[in-house]
Amino acid sequence: MSVVQTLLIYAVIPLAIYGLVTLLTLRDKFARAPRYRPGQPWEYSAVWWTANPAGADASAVPTGGGKPRPTAKGGARGSW
């Protein structure tokens, strides 16, 4: 084997493989939009998220006019 073949097999090919893996790993970082950093102006409209879109209506919020339901023993109260 010549010196060129030895360098190709033991240096260039492994470096090419590492470079390919690096590019595949970092491609998402380069493809997405820049992140928001504190102090930057917010250029988007507000989005209110709720797990229950039907419950997001203000009229659906209970007013607390009824008798409170008893809770099970234990839990957050700590009375077992």
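Side chains are part of it too, since the values below use all heavy atoms of this structure and drop only hydrogens, waters and symmetry mates. Sequential numbering from 1 along the given sequence is applied to the chain's residues.
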Option passing side-chain contact (heavy atoms from CB on, under 4.5 Å) with Leu20 (candidates Thr22, Ile17, Leu24)
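Of Thr22, Ile17, Leu24, side-chain contact (heavy atoms from CB on, under 4.5 Å) with Leu20 is met by Leu24 alone.
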What heavy-atom pair brings Gln5 and Met1 nearest, and what distance separates the two atoms?
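Scanning both residues, the minimum pair turns out to be OE1-CA, 3.5 Å.
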Quick one: side chain to side chain contact (heavy atoms under 4.5 Å, CB included) partners of Arg37, sequence neighbours excluded?
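Only Arg35, Gln40 meet the side chain to side chain contact (heavy atoms under 4.5 Å, CB included) criterion with Arg37.
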Sorted by chain and number, sequence neighbours left out, ring-ring contact (aromatic ring centres under 6.0 Å, His included) with Tyr44 holds for Trp42
